[in-house]
Amino acid sequence: MAAPLICPSILASDFARLGEEVRALDAAGADWIHVDVMDGHFVPNITIGPDVVKALRPHTTLPFDVHLMVAPVDPWLEAYREAGADILTVHPESGPHLHRTLGRIRQLGAKAGVVLNPGTSLSVLDDVVELVDLVLLMSVNPGFGGQSFIDTTLRKIEKTRALLDAAGSKAHLQVDGGVTAANAGACVAAGADALVAGTAVFRGGPSAYAANIQALKAA
């Protein structure tokens, strides 16, 4: 079984030192940089605008995996792509026309992802799977870091992997929320190949990042 991609969420980083944090993650062996964008409307928090993404872009060549928890989402796609996003993931609930939104992301030259909240049905994927480069399953309800993993997500990972395989899709299957070394192995065994982690990576400060990332890969 291949080691999963580790995608540290900078939501858990030191916001006063974001450039240094991104460089430290790159040096520690992160695969992608996960950027949680929250608007205080779609989810109850406000985080990172496109200007911050643009400022961080020169600090690493790693892919920026930008999770847009924003509604309406369509007006923001171009700004985040221009700022340096390589992957843009959107929630079906954040706009009226998911198929159009995913197509627009691809037109902009980014990879397109769909995010499913714990209460969002997999059936959303049925008619857009051919446009999806990434499926992100939330293992917490979005809006805050540091929440506990919802155990029923493991069944949802299995079902999503079966759906993607049946469709012949090469999309990555990513899990986000409460991911730790204690449950990372179960997520991968269920079919995930990319893991978002915040606290589990950033605990202990920059000198611990490499060991934390390796612990997740080896779990």
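If you read the sequence from its start, that first residue is 1, and numbering goes on from there. Note that these values count all heavy atoms, side chains included, but never hydrogens, waters or copies made by symmetry. Given the structure is predicted, the values throughout are model-derived calculations rather than measurements.
- Under the 4.5 Å side-chain criterion, counting only non-hydrogen atoms from C-beta, I33 is not in contact with L56.
- What you find for M38 and T47 is that their closest heavy atoms are N-OG1, 2.8 Å.
- Counting heavy atoms from C-beta on, the side chains of K111 and H172 never come closer than 4.5 Å.
- Side-chain contact between T180 and F149 is absent, with no heavy-atom pair separated by less than 4.5 Å.
- Of all non-hydrogen atoms in V132 and A171, the two that sit nearest each other are O-CB, 3.5 Å.
- Scanning both residues, I10 and S13, for their nearest heavy atoms gives O-OG, 2.7 Å.
- Considering NE2 of H67 and OG1 of T89, their distance stands at 5.0 Å, rounded to 0.5 Å.
- Hydrophobic clustering (ILVMFWY, side-chain heavy atoms < 4.5 Å, transitive): V124 and V129 are in one cluster.
- Using a 4.5 Å heavy-atom threshold, the side chains of V179 and V196 count as separate.
- At a threshold of 4.0 Å, the pair R106-D133 counts as salt-bridged, since one of the basic side-chain nitrogens sits closer than that to a carboxylate oxygen.
- Here the side chain of N212 pairs a donor or acceptor atom with the backbone of V201 at under 3.5 angstrom.
- For K217, the NZ atom sits in a packed shell: over 12 heavy atoms of surrounding residues, nucleotides or ligands are nearer than 6.0 Å.
- The ring-ring contact (aromatic ring centres under 6.0 Å, His included) analysis of residues 192-217, with sequence neighbours excluded, yields the pairs F202-Y209.
- The distance from the SG atom of C7 to the CD1 atom of I87 is 7.5 Å, given to the nearest 0.5 Å.
- Put simply, CG on D39 and CD1 on I46 are 7.5 Å apart, with the number rounded to the nearest 0.5 Å.
- A donor-acceptor pair is defined here as one N or O able to donate and one able to accept, closer than 3.5 Å; such a pair exists between the side chain of N183 and the backbone of G178.
- With rounding to the nearest 0.5 angstrom, the OG1 atom of T199 is 8.5 Å from the CG atom of L11.
- Judged purely by atom type and a 3.5 angstrom limit, D193 uses its side chain to pair as donor or acceptor with the backbone of L173.
- Between the N117 side chain and the G119 main chain, no donor and acceptor come within less than 3.5 Å of each other.
- The CZ atom of R23 sits 13.0 Å away from atom CG of L62, with the distance rounded to the nearest 0.5 Å.
- In this structure, a donor-acceptor pair under 3.5 Å is present between the side chains of S9 and D36.
- Under a hydrophobic-cluster definition in which Ile, Leu, Val, Met, Phe, Trp and Tyr are linked whenever side-chain heavy atoms come within less than 4.5 Å, directly or via other members, V90 and L122 are assigned to the same cluster.
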> Yes or no on side chain to side chain contact (heavy atoms under 4.5 Å, CB included) for V73 and Y80, after CA distance, side-chain angles and deciding distance?
Replying inline: CA-CA 11 Å; V73 73; Y80 279 96; over 6 Å; no
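- In D126, the CG atom is crowded: over 12 heavy atoms of neighbouring residues, nucleotides or ligands sit closer than 6.0 Å.
- Across A219 and A181, no two heavy atoms sit closer than the pair CB-O, 3.3 Å.
- Residue R17 qualifies as open at atom CZ: its count of foreign heavy atoms under 6.0 Å is 12 or below.
- Under the side-chain contact (heavy atoms from CB on, under 4.5 Å) criterion, D86 pairs with R57, P63, F64, R81, not counting sequence neighbours.
- Under the 4.5 Å side-chain heavy-atom criterion for grouping Ile, Leu, Val, Met, Phe, Trp and Tyr, I6 is not connected to W32 through any hydrophobic cluster.
- A donor-acceptor pair under 3.5 Å is formed between the side chain of S139 and the backbone N or O of G177.
- Minimum heavy-atom separation, I157 to G191: CG2-N, 3.8 Å.
- In the hydrophobic cluster analysis, where Ile, Leu, Val, Met, Phe, Trp and Tyr join through side-chain heavy atoms closer than 4.5 angstrom, L108 is grouped together with V35.
- Of all heavy-atom pairs between A83 and P50, the closest is CB-O, 3.3 Å.
- Going from atom CG of D176 over to atom CG of L116 covers 12.5 Å, rounded to the nearest 0.5 Å.
- The side-chain heavy atoms of L163 and V135, taken from C-beta on, include no pair separated by under 4.5 Å.
- When side chains are defined from C-beta on, L98 does not count as touching L131, because their heavy atoms never get closer than 4.5 Å.
- For CH2 of W76, the number of neighbouring non-hydrogen atoms (other residues, nucleotides, ligands) closer than 6.0 Å is 12 at most.
- Between L216 and P4 the shortest side-chain heavy-atom distance does not fall below 4.5 Å.
- Side-chain atoms of D151 and L154, non-hydrogen and from C-beta on, never get closer than 4.5 Å to each other.
- Between E78 and R104 there is a salt bridge, with a side-chain nitrogen of the basic residue lying less than 4.0 Å from a carboxylate oxygen of the acidic one.
- By the criterion of side-chain heavy atoms lying less than 4.5 angstrom apart, applied directly or through intervening Ile, Leu, Val, Met, Phe, Trp or Tyr residues, V70 is not grouped with L134; the two fall into different hydrophobic clusters.
- If you chain together ILVMFWY residues whose side-chain heavy atoms come under 4.5 Å of each other, L136 ends up grouped with V115, M138, V140.
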